[in-house]
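Notes to accompany the following structure.
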Amino acid sequence: MSDVRTYLVDANRLSRDGLARIFSESRFQIIGEADGLSGLLDQSGEDGGVDLIILDSNILEDRVGESIGALRQALPNAKTVILGNSQQPEVLLECFSAGADGCLLKDISSAALLESLDLVLLSERVFPSQLLTLVMRGNASFGVRQPVAAVSEARLSERELQILRYLVSGHSNKVIANRLDVTEATVKVHLKSILRKIKAQNRTQAAIWALNHGLAGTPASDMQF
């Protein structure tokens, strides 16, 4: 597998050193570091050969959309992954909504980090499911803005709404199929229809859409298997 040219942006030198150590025996090759977003943007004109940008969420402050937009413009071919913590779910949700390719928690294991980055490079968008759970339980405000149709306008069937609620709760296709007494293939067909109707690209975006539109997850009594 070819090397992935990786750029680290973090004000904390110790954090950058820690990531560099994790990547030292992987295909992720550190080609540059910066302690702020301007440091990366200043160098983008000199070297556009960046495959992956790993950015600490604290760098963005209150300019999430503007910052991610600037990265997209300067390095359109690079994937962007934001590292944050569970105390700032609104920031990570806003990053995801603004177009970040992945949002990960800083307490993620080294192995899970590498696996998540591999998924991002395969054009999968990654977001920590536990943050969606926090939002679902009301422990965090939900401020993600998405230009999608209202629930009634999406014309979701009762079965699709049912599956969407299971999706919000983080259940796999297999679990959903077992609970609804249908095949996994049937669940996949419904999910494809749901994504098309609400203009979402993946399961995570669908769950975010559902939460934005007041659809709660499956009740606790329905989650006992």
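Only this structure's heavy atoms are used, side chains among them; waters, hydrogens and symmetry mates stay out.
- Residues satisfying the side-chain contact (heavy atoms from CB on, under 4.5 Å) criterion with Ser24, sequence neighbours excluded, are absent altogether.
- Hydrophobic clustering, defined by side-chain heavy atoms of Ile, Leu, Val, Met, Phe, Trp and Tyr closer than 4.5 Å, groups Leu83 together with Val4, Leu8, Leu19, Ile22, Phe23, Phe28, Ile30, Leu52, Ile54, Val81, Leu104, Ile108, Leu113, Leu114, Leu117, Leu119, Val120, Leu121, Val126.
- A search for side-chain hydrogen bond (donor to acceptor under 3.5 Å, both in side chains) contacts involving Lys188 returns nothing, not counting sequence neighbours.
- Across Gln29, Arg5, Lys79, a single residue satisfies side-chain hydrogen bond (donor to acceptor under 3.5 Å, both in side chains) together with Asp51, and that is Arg5.
- Ser57 pairs by the side-chain contact (heavy atoms from CB on, under 4.5 Å) definition with Ile82, Gln88, Val91, Leu92, not counting sequence neighbours.
- Here the CG-CG distance, from Asp10 to Asp35, works out to 9.0 Å after rounding to the nearest 0.5 Å.
- By the side-chain hydrogen bond (donor to acceptor under 3.5 Å, both in side chains) test, Asp56 is found to be paired with Asn58, Lys106, residues two or more places apart in sequence or in another chain being considered.
- Under the 4.5 Å side-chain criterion, counting only non-hydrogen atoms from C-beta, Thr80 is not in contact with Leu75.
- Considering OG of Ser109 and CD of Glu115, their distance stands at 7.5 Å, rounded to 0.5 Å.
- Considering CG of Leu156 and CD1 of Ile194, their distance stands at 6.5 Å, rounded to 0.5 Å.
- Put simply, the side chain of Asp118 does not reach to within 4.5 Å of the side chain of Leu122, judged on heavy atoms.
- Within the model, atoms CD1 of Ile59 and OG of Ser67 stand 9.5 Å from one another, a figure rounded to the nearest 0.5 Å.
- Qualifying side-chain hydrogen bond (donor to acceptor under 3.5 Å, both in side chains) partners for Thr183, counting only residues two or more places apart in sequence or in other chains: Thr186.
- Residues meeting the salt bridge (Lys or Arg N to Asp or Glu O under 4.0 Å) test with Asp17, sequence neighbours left out: Arg13.
- Checked against salt bridge (Lys or Arg N to Asp or Glu O under 4.0 Å), Arg72 has the following partners two or more places apart in sequence or in another chain: Asp101.
- Judged as a side-chain contact (heavy atoms from CB on, under 4.5 Å), and not counting sequence neighbours, the contacts of Arg159 are Ser157, Gln162, Ile163, Leu180, Val182, His190.
- Under a hydrophobic clustering in which Ile, Leu, Val, Met, Phe, Trp and Tyr are joined whenever their side-chain heavy atoms come within less than 4.5 Å, directly or via other members, Leu195 and Tyr166 fall into different clusters.
- Across Ala200 and Ala206, no two heavy atoms sit closer than the pair CB-N, 3.9 Å.
- Grouping Ile, Leu, Val, Met, Phe, Trp and Tyr by side-chain contacts under 4.5 Å, direct or through others, leaves Val189 on its own.
- For the side-chain contact (heavy atoms from CB on, under 4.5 Å) test, residues two or more places apart in sequence or in another chain that qualify with Asn178 are Lys174.
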